[in-house]
Participant: 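Dropping the structure in here first, questions after.
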Amino acid sequence: MKRAVFLGLKLQRNSCGWISKRNLKTSIMDHGPPVSWDDIAGVEFAKATIKEIVVWPMLRPDIFTGLRGPPKGILLFGPPGTGKTLIGKCIACQSGATFFSISASSLTSKWVGEGEKMVRALFAVARCQQPAVIFIDEIDSLLSQRGEGEHESSRRIKTEFLVQLDGATTSSEDRILVVGATNRPQEIDEAARRRLVKRLYIPLPEGSARKQIVTRLMAKEHCSLNEEEIKLIVQKTDGFSGADMTQLCREASLGPIRSLQSMDIATITPEQVRPISFLDFESALRTVRPSVSPKDLELYETWNRTQQDLQFQPKMSFITLCNSATTQQFDCQEHNFTKYRKLHRNRA
Ligand SMILES: Nc1ncnc2c1ncn2[C@@H]1O[C@H](COP(=O)(O)OP(=O)(O)OP(=O)(O)O)[C@@H](O)[C@H]1O
């Protein structure tokens, strides 16, 4: 979901050069259809963690006080098209919060000289609409590491963002959560990264998640796929992202129309359109390829491992641990849990 276009098109400056809060509210407040946890296939570990540390505290601020209080900033990182935006929106929907969505690159590129005002206005509007979730796509372009070549305006935007985030963190009144999403986590400034206290890897979907995406999308269509054929599609789509899977289903759904090519489109009746078949998926697979290269994937996996070393999960309950859906997720938590026990043994 690319919000840069969304923001660029709709946000206006008035004649005095001020950014209208009303414009901001109508432009980046998301009014799209609600998203539920079931709409997001896979990523069980991330979903369970987010529910426990973010959604429940936002729903019940009276019992999630003190150490149980929610973080003010989290980071979702991973390959493109894996559902990071969906998760951001789902957090807002499930916690009854207002959802603001903005692309960081639009702040730095389109609003040169105005970016910091935009950031201030964004937090001010969010404060009036609490509880609020501010989703910042491509957050790496807002919080990239300081370098000699860093543009003065980018530096000011970043500073303003950190000031606002710190303000939200120190104020117990503010019920604002910043969700940053990035495909380039390694480029985020260390100081900024530390403020996004929870960093969650959103990986490519495993077989069961890919199956869920195809099954759910095809359930709404006139389709003849059987279990065996769905299994074959899942086998052939190893390495596909959620967005790639959606694109594959779209491409396959055009098959029945293409097979009527000899007919005049104006005279075709809906009854003449045959169901989507496995053959349509086979030909779609010739054009839709995985968008994430194995090399890039390796970079994400490596960065994820370094983060796990930095932030293991002592807060995870054993029940949550046992409820983990996939072996990989279990392994990841098991790793953290073992580490936690080891550390405690050493301390004792
Ligand atoms: N886990 C998933 N379950 C169901 N659908 C998914 C999933 N991941 C991606 N999709 C599909 O792909 C589309 C794009 O996903 P989304 O924008 O959330 O990805 P993203 O990780 O934010 O991508 P980017 O990093 O490019 O911004 C979604 O609207 C949805 O149709």
Side-chain angles (χ1 to χ4, degrees), residues 1-7 28 30 32-51 74-94 99-107 133-143 178-188 199-221 230 233-234 237-253 288-293 296-297 299-300 303-304 325-326 328-329:
M1 217 183 280
K2 291 291 163 238
R3 301 288 170 163
V5 181
F6 188 41
L7 179 75
I28 61 171
D30 194 291
V35 176
S36 75
W37 294 114
D38 288 343
D39 293 329
I40 306 164
V43 285
E44 302 301 335
F45 173 60
K47 289 196 282 188
T49 307
I50 288 170
K51 275 182 211 169
I74 65 170
L75 181 70
L76 306 179
F77 66 94
T82 47
K84 297 183 286 300
T85 311
L86 275 183
I87 293 175
K89 196 164 180 193
C90 185
I91 294 173
C93 291
Q94 299 307 311
F99 185 56
F100 294 88
S101 176
I102 192 167
S103 154
S105 64
S106 66
L107 275 177
V133 172
I134 300 178
F135 181 82
I136 304 190
D137 203 5
E138 306 168 56
I139 198 163
D140 49 280
S141 54
L142 181 67
L143 302 176
V178 172
V179 180
T182 181
N183 309 137
R184 293 180 302 196
Q186 67 286 357
E187 289 183 15
I188 298 178
R199 299 179 282 275
L200 291 167
Y201 181 41
I202 311 300
L204 290 178
E206 296 185 344
S208 56
R210 297 199 299 278
K211 180 177 177 191
Q212 207 178 315
I213 295 174
V214 174
T215 311
R216 187 156 305 143
L217 288 175
M218 286 299 122
K220 298 179 202 147
E221 305 292 323
I230 294 180
I233 294 169
V234 169
T237 49
D238 192 24
F240 277 51
S241 68
D244 295 336
M245 292 306 292
T246 306
Q247 183 53 29
L248 179 74
C249 292
R250 272 209 192 104
E251 184 62 29
S253 74
V288 183
R289 306 301 310 146
S291 55
V292 185
S293 72
D296 285 347
L297 198 60
L299 285 178
Y300 294 119
W303 203 79
N304 183 37
T326 67
Q328 188 196 336
Q329 285 144 5

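Please read all numbers here as calculations on a predicted model, not as lab measurements. All ligand and atom numbering here is 1-based and tracks the order in the structure.
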Participant: Go through ligand 1 atom by atom and flag the ones less than 4.0 Å from a non-hydrogen atom of Lys84.
Facilitator: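 Listed by number with element, the hits are 18 (O), 19 (O), 20 (P), 21 (O), 22 (O), 25 (O).
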Participant: Quick one: closest heavy-atom pair of Ile213 and Gly242, and the distance?
Facilitator: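 Scanning both residues, the minimum pair turns out to be CD1-CA, 3.8 Å.
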Participant: What heavy-atom pair brings Ala104 and Ile139 nearest, and what distance separates the two atoms?
Facilitator: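 Minimum heavy-atom separation between Ala104 and Ile139: CB-CA, 4.0 Å.
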Participant: For Asp137 and Ser103, run side-chain hydrogen bond (donor to acceptor under 3.5 Å, both in side chains): C-alpha distance rounded to whole Å, both residues' side-chain angles, the deciding distance at 0.1 Å, then the answer.
Facilitator: CA-CA 5 Å; Asp137 203 5; Ser103 154; 5.8 Å; no
Participant: Would you give the length of the straight line joining atom CD1 of Ile102 to atom CZ of Phe135, rounded to the nearest 0.5 angstrom?
Facilitator: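 Ile102 atom CD1 to Phe135 atom CZ measures 11.5 Å (nearest 0.5 Å).
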Participant: Would you kindly specify which portion of Ile202 sits under 4.0 Å from ligand 1, judged on non-hydrogen atoms: side chain, backbone, both or neither?
Facilitator: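 The answer is neither; Ile202 stays 4.0 Å or more away.
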Participant: Which option out of Leu204, Val43, Leu86 puts a heavy atom nearest to atom 28 (C) of ligand 1?
Facilitator: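 It is Leu86 whose heavy atom sits nearest to atom 28 (C) of ligand 1.
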Participant: Relative to atom 13 (C) of ligand 1, which among Pro80, Pro79, Pro205, Ala243 owns the nearest non-hydrogen atom?
Facilitator: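 Closest candidate by heavy-atom distance is Ala243.
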Participant: Heavy atoms only, cut-off 4.0 Å: how does Thr246 contact ligand 1, side chain, backbone, both, or neither?
Facilitator: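 Only the side chain of Thr246 comes within reach of ligand 1.
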Participant: So Ser253 and Lys220, do their side chains get closer than 4.5 Å, heavy atoms only?
Facilitator: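 The answer is no, as the side chains (C-beta and beyond) never meet within the 4.5 Å cut-off.
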Participant: Under a 4.0 angstrom heavy-atom cut-off, which atoms of ligand 1 come close to Asn183?
Facilitator: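 In order of numbering, the contacting atoms are 25 (O).
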Participant: So, for Tyr300 and Phe77, is the gap between ring centers shorter than 6.0 Å?
Facilitator: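 No, ring centres 6.0 Å or more apart.
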Participant: Enumerate the atoms of ligand 1 whose separation from the nearest heavy atom of Asp39 is less than 4.0 angstrom.
Facilitator: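 Contacts of ligand 1 toward Asp39, numbered from 1: 3 (N), 4 (C).
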Participant: Hey, does Ser241 have a side-chain heavy atom less than 4.5 Å from the side chain of Pro79?
Facilitator: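 No, too far: nothing below the 4.5 Å cut-off.
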Participant: Which pair of heavy atoms, one from Tyr201 and one from Gly78, lies closest together, and at what distance?
Facilitator: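 Taking every non-hydrogen atom into account, CE1-CA, 3.9 Å.
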Participant: I'd like to know if Thr182 contacts ligand 1, where contact means a heavy-atom distance under 4.0 Å to any ligand atom.
Facilitator: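 It does not, in that no heavy atom of Thr182 comes within the 4.0 Å cut-off of ligand 1.
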Participant: Quick one: which ligand 1 atoms are inside 4.0 Å of a heavy atom on Gly81?
Facilitator: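 By the 4.0 Å cutoff, the relevant atoms are 8 (N), 9 (C), 19 (O), 20 (P), 21 (O), 23 (O), 24 (P), 25 (O), 26 (O).
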Participant: Please identify which atoms of ligand 1 are closer than 4.0 Å to at least one heavy atom of Thr82.
Facilitator: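 Every atom of ligand 1 under 4.0 Å from some heavy atom of Thr82: 1 (N), 8 (N), 9 (C), 19 (O), 20 (P), 21 (O).
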Participant: Pairs of nitrogen or oxygen atoms closer than 3.5 Å, one from Ile40 and one from ligand 1: do any exist?
Facilitator: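 Not met; the criterion fails.
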